[in-house]
Amino acid sequence: MENNNAPEDSRPAGNFIRQIIDQDLAAGKNDGKVVTRFPPEPNGYLHIGHAKSICLNFGIAEDYNGRCHLRFDDTNPHKEDLSFVEAIKRDVQWLGFSWGEKEFYASDYFEQLHDYAVELIKKGKAYVCDLSPDEAREYRGTLTEPGKDSPYRDRSVEENLDLFARMRAGEFEDGSRVLRAKIDMASSNLNLRDPIIYRIRHGVVHHQTGDEWCIYPMYDFTHCLSDSIEGITHSLCTLEFEDHRPLYDWILDQLATPCHPQQIEFSRLNLQYTVTSKRKLTELVEEGLVEGWDDPRMPTIAGLRRRGVTPFAIRDFCDRIGVTKADNSVEMGLLESTIRDDLNAHAPRRMAVLRPLKLVIENYPEDRCEQLNAANHPQNEDMGTRKIHFTRELYIDRDDFMEVAPNKKFKRLVSGGEVRLRNAYVIRCDEVIKDEQGEIIELRCSYDAATLGANPEGRKVKGVIHWVSAAHAIAAEVRLYDRLFSHPAPDAGKEAKDYREYFNPDSLRTLTQCYLEAALGEAQAGDIFQFEREGYFCLDPAQTADGKPIFNRTVTLRDSWAKIEKQAGGK
RNA sequence: UGGCCCUUGGUGUAAUGGUAACACUACAGGUUUUGAUCCUGUCAUUGGAGGUUCGAGUCCUCCAGGGCCAGCCA
């Protein structure tokens, strides 16, 4: 059955941009069409902030039966690279969006853009300026003082045409001349003080156009015209471009263009305890503070993917944060909650011991091995069951045993006490074995054979802990991640500190002696599981030098016990 | 004594002049072979002051606080 009559309640909440589009549609604008675009510059990897824009632009296209173009804003060959183009395409696709045939590059339009520039010159609205960068800055004025007209402002159309042609022909050096729009050097909006629209760049090979050009158009000139050429109806961008909108409109108003798209600005995402500035992410990568763009600690799409975050969770997160013009600071807890919601519903459960402590069940025969059934999901029978091995020698987590309970609420294993082994029997700790240093190295226990799938007679056993069979366990490395920075706004700069000073040295903790239940041996790279009582973990594509699998912790389980411990005055 | 923009609970959003809603967090309980999940309950009169109106979070004025802008970056 088709769902083209899908009820409105199945759609994401309307935001102010969707309301504008609704009004435009009601007013019959744009022939009832909605065309958006996602315009990344290929000079880095996409991050969670881009995901917000991607979900907005592609989401609107989907819901309004329109289309969304992927357009690479590649006007600055100095910083851009083909590898970034490829990574961006991979990430947008992975998020679940498709642009069909609508893959464009601003560089596709270089010839048209050049012709528009010539048109502007002919209309007396642009001129070649010979001011040096330093001189240009002086002439520009300041926030409170108007600028001064360039001495080259009144060159004739013929001279400008000639000079611009020679700029293109490569006659002039980098920085010696630029093409500027002739607007108003006294404008209170600095973007209108005769902005530069073309600059000279020799000796760089553009990833799309090679060495065909030595002049490159600036963003302000390129973006509005690219939008118009593509028939974009709503050009959505972040707040810092608000001051550029008068220039966007001015250029389109001067030229004979196919259409005049509407620029609408929204506030960018600020996520606490991380940074989402391409410059800073690039520095983290280049300075080696992280292992690469896809380091699981990075807020990049590639990093989140390697961490085990699903495309659904990211899209759901983008729905939850909404779209407004207000500055915001989204808590990491919201992202984590969104991730848990998805993974709780879909991740199969497994048992894994991260900090192993040997446990021997003395009244269990040495040669015996039971194959017990364990549900893959406690609330979803459709996810089936698996076999787990129960034997005399097991591993449990060191944190699940204490010789003496620290408080009345502690319900894990203690000396002389009982605890339920998840999916198996109730055991009692009879003896604690220590080494010369007094460190606990082994537990001697006994099990109650009558407690498999049944409560013990005449007593209550509250605690449940996870375990693995020593003989069947798979050795693995587990990487625990924490926030990248120790400050909620590392780049706020309140104390004029560099964000790097807030880098969290404990953002990665590696556990090399972990044991996984045997079923995890079949996991494929990218598979995500809930390690019961620990969190969600994703199998990394890499493995250790000695061939051990590596699991990345996506996010912990919500841990109310940790809160109790903390309130009780630390552990 | 430059311009533009923003301001609803701890956080993010909703309410489009008709009597503050949702999610996250926190806290208090209940269920539970994951201290998970799930369930229940509690937590704001909308930055401030005036004004318009029968009625203002929504409209107007002023004030305060915050953000962005002086790249031949995007």
Side-chain angles (χ1 to χ4, degrees), chain A residues 13-16 19 39-41 43 73 75-76 78-80 129 131-133 136-137 140-147 174-180 187-193 195-201 216 218-220 222-223 237-246 265 267 269 272 278-279 319-338 340-341 344-345 349 351 375 377-379 409-412 419-426 451 453-455 461-466 530-535 556-565:
Chain A
N15 52 54
F16 80 99
Q19 287 169 9
E41 183 189 12
N43 67 345
D73 221 332
T75 57
N76 186 0
H78 205 70
K79 296 177 165 182
E80 297 154 7
C129 179
L131 252 23
S132 71
R137 192 178 316 120
R140 188 156 39 231
T142 68
L143 293 176
T144 51
E145 298 160 29
D174 287 12
S176 62
R177 282 176 162 75
V178 293
L179 183 68
R180 302 174 70 175
S187 174
S188 54
N189 182 340
L190 301 233
N191 295 120
L192 263 20
R193 318 243 262 229
I196 293 167
I197 57 180
Y198 264 91
R199 76 283 217 189
I200 301 170
R201 282 276 178 283
Y216 289 93
M218 299 284 288
Y219 165 84
D220 287 304
T222 307
H223 206 84
C237 62
T238 43
L239 249 29
E240 65 269 28
F241 293 101
E242 217 157 13
D243 285 346
H244 293 243
R245 184 167 12 103
E265 310 85 15
S267 56
L269 165 68
Q272 293 183 356
K278 235 187 265 184
R279 193 202 98 221
D319 281 346
R320 294 193 199 193
I321 59 176
V323 178
T324 68
K325 297 187 72 159
D327 293 321
N328 58 77
S329 177
V330 176
E331 292 175 338
M332 195 55 95
L334 182 64
L335 211 211
E336 291 175 349
S337 169
T338 310
R340 287 193 189 106
D341 270 8
N344 174 53
R349 292 340 63 149
M351 292 198 286
H377 194 289
Q379 280 86 34
K409 288 188 172 174
F410 189 82
K411 58 182 192 182
R412 278 114 94 144
V419 78
R420 158 79 61 183
L421 291 178
R422 176 78 167 149
N423 295 124
Y425 302 94
V426 168
T451 56
N455 284 324
V461 173
K462 284 179 299 181
V464 181
I465 64 174
H466 55 95
Q530 183 194 103
F531 290 176
E532 291 197 84
R533 303 208 312 128
E534 290 287 356
T556 62
L557 254 28
R558 202 208 250 102
D559 190 355
S560 53
W561 170 244
K563 285 175 200 163
I564 294 169
E565 268 187 316

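First the proteins, then the strands, lettered A, B, ... as listed; each starts at 1. Since the model is a prediction, treat every value here as computed from it, not as a measurement.
- Counting non-hydrogen atoms under 4.0 angstrom, A:N423 reaches a base of the nucleic acid.
- Salt bridge status for A:K278 with A:E41: absent, with no side-chain N to carboxylate O gap under 4.0 Å.
- With RNA chain B read from its 5' end, the first of the two nearest nucleotides for A:K462 and A:P133 is the one closest to A:K462.
- With hydrogens and angles ignored, a donor-acceptor pair closer than 3.5 Å exists between the side chain of A:D243 and the base of B:G3.
- In this structure, A:S560 reaches the B:A36 phosphate: one of its side-chain N or O atoms is under 4.0 Å from OP1 or OP2.
- Contact annotation for A:H244: base contact, defined as any heavy-atom pair under 4.0 Å involving a base atom.
- Applying the 3.5 Å distance criterion, the base of B:U34 shares a donor-acceptor pair with the side chain of A:R349.
- Taking atom P in both B:A20 and B:C4, one finds a spacing of 36 Å when rounded to whole Å.
- When each of A:L143 and A:D559 is assigned the nucleotide of RNA chain B bearing its nearest heavy atom, the one mapping closer to the 5' terminus is A:L143.
- Between A:K563 and B:A26 there is a side-chain N or O to OP1 or OP2 distance below 4.0 Å.
- For A:R140, the side-chain atoms get nearest to B:G71 when compared with the rest of B:A74, B:G71, B:G35.
- Pair assignment for B:U11: B:A23, on the basis of Watson-Crick or G-U wobble contacts that are both within less than 3.5 Å.
- Across all strands shown, A:G175 has heavy atoms under 4.0 Å from base atoms, whether or not it also approaches the sugar-phosphate.
- A:R349 pairs with exactly one of A:E532, A:H466, A:H377 by the side-chain hydrogen bond (donor to acceptor under 3.5 Å, both in side chains) rule, that one being A:H377.
- Taking 3.5 Å as the limit, the base of B:A74 and the side chain of A:E80 contain no donor-acceptor pair of atoms between them.
- Between B:G47 and B:C6, the distance separating the two P atoms is 14 Å to the nearest Å.
- Nucleic acid contact class of A:K278 (heavy atoms, under 4.0 Å, all strands): none.
- Straight-line distance between the P atoms of B:C60 and B:C72: roughly 37 Å, to the nearest whole Å.
- With contacts defined as side-chain heavy-atom distances shorter than 4.5 Å, the pair A:R533/A:R422 does not qualify.
- Going from the C1' atom of B:C43 to that of B:A21 covers 15 Å, rounded to whole Å.
- Put simply, the side chain of A:R137 and the base of B:G71 share no donor and acceptor less than 3.5 Å apart.
- The shortest distance between the side-chain N/O atoms of A:R420 and the OP1/OP2 oxygens of B:U34 is not below 4.0 Å.
- Look at the P atom in both B:A56 and B:G51: the space between them is 12 Å, to the nearest Å.
- Note on A:F241: a base of the nucleic acid sits closer than 4.0 angstrom, heavy atoms only.
- Ring-to-base geometry does not place A:Y219 in a stacked arrangement with B:A74 (centre distance under 5.5 Å, plane angle under 30° required).
- Using C1' as the reference atom, B:A70 and B:A64 are 27 Å apart when rounded to the nearest Å.
- Judged by Watson-Crick or G-U wobble contacts below 3.5 Å, the nucleotide B:U52 has no partner.
- Across all strands shown, B:C38 pairs with B:G30; the Watson-Crick or G-U wobble distances both stay below 3.5 Å.
- Closest to the side chain of A:T142, out of B:A70, B:C5, B:G35, is B:A70.
- B:G2 and B:C59 have their C1' atoms separated by 28 Å, with the value rounded to a whole Å.
- Remark: the A:E145 side chain and the B:G2 base include no donor-acceptor N/O pair separated by less than 3.5 Å.
- Straight-line distance between the C1' atoms of B:U46 and B:U19: roughly 13 Å, to the nearest whole Å.
- Within 4.0 Å of A:M351, counting heavy atoms only, lies no atom of the nucleic acid at all.
- The side chain of A:T324 places an N or O atom within less than 4.0 Å of a non-bridging phosphate oxygen (OP1 or OP2) of B:U13.
- Within 4.0 Å of A:Q530, counting heavy atoms only, lies at least one base atom of the nucleic acid.
- Contact of the A:L421 side chain with the A:I465 side chain is registered, since non-hydrogen atoms from C-beta on lie closer than 4.5 Å.
- In terms of phosphate contacts, A:R412 brings no side-chain nitrogen or oxygen within less than 4.0 Å of OP1 or OP2 of B:G35.
- Searching all strands for a Watson-Crick or G-U wobble partner of B:G71 with both distances below 3.5 Å returns nothing.
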